[in-house]
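All residue numbers in this chain count up from 1 along the given sequence.
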Amino acid sequence: MMKPIVSQENHQVKLHRVRTRQEKEYKKMALSLNILIAALSLTALSPLCLCSKAYGSGGYLYPQFYDHSCPKAQEIVQSIVAKAYAQDPRMPASLLRLHFHDCFVKGCDASILLDSSGTIISEKRSNPNRNSARGFELIEEIKYALEQECPETVSCADILALAARDSTVITGGPSWEVPLGRRDARGASLSGSNNDIPAPNNTFQTILTKFKRQGLNLVDLVSLSGSHTIGNSRCTSFRQRLYNQSGNGKPDLTLDQYYASVLRKQCPRSGGDQNLFALDMVTQFKFDNHYFKNLIMYKGLLSSDEVLFTDNSRRSW
């Protein structure tokens with residue numbers, strides 16, 4: 001008579017153990033998500049300025065730099081960015097990327113805007129920027145409007161910084177005061193653009209090393225990666241994950257396999273290099289935390305994104 005009771009108790013014990021393991025896993029996932037989101041919140045409220053000094057008053061940047069010399073500067077930038085967003089919802093991500101790619105090469109000095117001439121070899125020709133960087137015409141439009149309002153006053157470097165902030169805000173992200181007073185570069189660095197900007201197939205340690213060269217830390221890396229909550233990536237940037245991640249002819253198993261099968265339909269083994277895919281397939285044009293949730297579900301599009309969650313070397317933090 002007691003055997004069924006013992007059997008039932010054993011079954012209940014097993015269920016309890018399974019549920020306990022599941023709860024532990026969910027808690028780990030929740031903790032990872034909370035850390036990632038907290039990191040984004042902390043740094044998103046700070047400007048993406050990789051240099052604390054410029055050539056403003058006293059050699060430092062400060063938000064009121066144009067209050068007297070061009071009081072409508074920020075209003076003009078914001079207005080033109082908003083108009084561009086209404087016409088092209090991809091533009092905020094493009095402007096944010098322009099600022100990031102500018103700052104990772106010689107600091108936030110607008111060197112990315114320079115065309116090749118004389119001794120200058122444009123950064124537009126680098127691997128990270130060629131056939132992918134966009135928004136240059138809009139920056140020129142903003143610069144023209146500012147020149148009409150206050151000639152030879154507002155730097156292109158500050159325009160990029162303001163446009164990046166306004167792009168974040170208009171897509172639903174946080175706002176922050178942008179320190180101003182940057183001066184524009186007179187030269188470019190093609191090698192710096194090729195070597196210093198993190199690549200989509202870089203390892204976690206390589207990406208972290210590139211951030212540390214800029215004076216940034218792990219929290220900055222996780223936070224700024226969160227900008228991939230908006231925008232697109234080309235097939236050529238993640239194709240290896242679908243077909244040959246480690247050179248052994250096998251796909252990246254850290255990528256959700258159903259998601260991978262969907263991606264393969266528009267990103268074949270050859271051809272379709274320029275086909276675009278949303279970095280965040282849930283809310284492509286909204287600045288939110290779905291990017292981090294995607295990583296936990298193994299649905300980060302780029303390898304450089306997914307390694308934030310899957311790389312074992314980062315678990316100590």
Side-chain angles (χ1 to χ4, degrees), residues 35-65 95-114 123 126-129 133 155-165 167-168 173-229 291-292 302 304-305 307-308 311 313-317:
I35 291 173
L36 291 172
I37 293 174
L40 171 63
S41 300
L42 287 172
T43 305
L45 293 172
S46 303
L48 174 56
C49 176
L50 308 182
C51 50
S52 62
K53 292 187 178 182
Y55 297 98
S57 176
Y60 288 88
L61 306 175
Y62 56 101
Q64 300 79 23
F65 188 82
L95 295 174
L96 198 56
R97 185 170 184 259
L98 266 187
H99 184 45
F100 181 83
H101 281 208
D102 177 45
C103 290
F104 257 65
V105 183
K106 300 172 58 182
C108 309
D109 59 3
S111 60
I112 194 172
L113 304 179
L114 296 174
E123 293 169 17
S126 71
N127 292 328
N129 296 326
S155 68
C156 291
D158 279 342
I159 292 174
L160 284 171
L162 289 168
R165 188 272 310 275
S167 294
T168 301
S175 183
W176 62 89
E177 280 194 325
V178 179
L180 301 167
R182 297 166 185 81
R183 288 295 177 260
D184 295 333
R186 297 191 178 188
S189 176
L190 180 64
S191 62
S193 186
N194 278 323
N195 297 324
D196 295 339
I197 296 173
N201 59 347
N202 279 163
T203 65
F204 172 77
Q205 286 300 329
T206 298
I207 297 170
L208 182 58
T209 297
K210 290 182 177 182
F211 269 72
K212 286 182 175 179
R213 287 177 189 163
Q214 308 295 336
L216 301 172
N217 60 27
L218 185 58
V219 173
D220 298 319
L221 164 56
V222 175
S223 303
L224 295 176
S225 295
S227 65
H228 282 177
T229 185
Y291 163 83
F292 295 112
L302 303 180
S304 56
D305 288 328
V307 293
L308 297 181
D311 190 276
S313 65
R314 67 108 182 108
R315 296 201 181 274
S316 60
W317 67 274

Straight-line distance of [X] [atom1] to [Y] [atom2], nearest 0.5 Å:
{"X": "Leu221", "Y": "Ser304", "atom1": "CG", "atom2": "OG", "answer": "9.5 Å"}
{"X": "Ser167", "Y": "Leu160", "atom1": "OG", "atom2": "CG", "answer": "10.0 Å"}
{"X": "Phe211", "Y": "Ser225", "atom1": "CZ", "atom2": "OG", "answer": "5.0 Å"}
{"X": "Ser193", "Y": "Asp102", "atom1": "OG", "atom2": "CG", "answer": "9.5 Å"}

Assess the residue pair Phe204 and Leu308 against the criterion (side chain to side chain contact (heavy atoms under 4.5 Å, CB included)); give the C-alpha distance rounded to whole Å, side-chain angles, the decisive distance to 0.1 Å, and a yes or no. CA-CA 7 Å; Phe204 172 77; Leu308 297 181; 4.1 Å; yes
What are the two closest heavy atoms between [X] and [Y], and how far apart are they?
{"X": "Leu95", "Y": "Ala163", "result": "CD1-CB, 4.2 Å"}
{"X": "Val178", "Y": "Ala161", "result": "CG1-CB, 3.9 Å"}
{"X": "His99", "Y": "Cys108", "result": "CE1-SG, 4.1 Å"}
{"X": "Arg97", "Y": "Pro128", "result": "NH2-O, 2.9 Å"}
{"X": "Phe100", "Y": "Pro198", "result": "CE2-CD, 4.1 Å"}
{"X": "Asp305", "Y": "Tyr291", "result": "OD1-OH, 2.7 Å"}

Applying side chain to side chain contact (heavy atoms under 4.5 Å, CB included), run through Ile197 and Val105 and close with a yes or a no. CA-CA 7 Å; Ile197 296 173; Val105 183; 4.1 Å; yes
Check whether [X] reaches the backbone of [Y] with its side chain - one donor and one acceptor, N or O, closer than 3.5 Å.
{"X": "Thr209", "Y": "Gln205", "value": "yes"}
{"X": "Asn194", "Y": "Asn127", "value": "yes"}
{"X": "Asp109", "Y": "Arg182", "value": "no"}
{"X": "Ser227", "Y": "Leu224", "value": "yes"}
{"X": "Arg165", "Y": "Trp176", "value": "yes"}

Residue of the set Glu123, Lys106, Arg186 for which side chain to side chain donor-acceptor pair (under 3.5 Å) holds with Ser111: Glu123
Of Asn202, Asn195, Asp196, which meets side chain to side chain donor-acceptor pair (under 3.5 Å) against Lys210? Asn202
Is any side-chain heavy atom of Thr203 less than 4.5 Å from a side-chain heavy atom of Val307? no
Stepwise, does the side chain to side chain contact (heavy atoms under 4.5 Å, CB included) test hold for Leu113 with Asp184? CA-CA 10 Å; Leu113 304 179; Asp184 295 333; over 6 Å; no
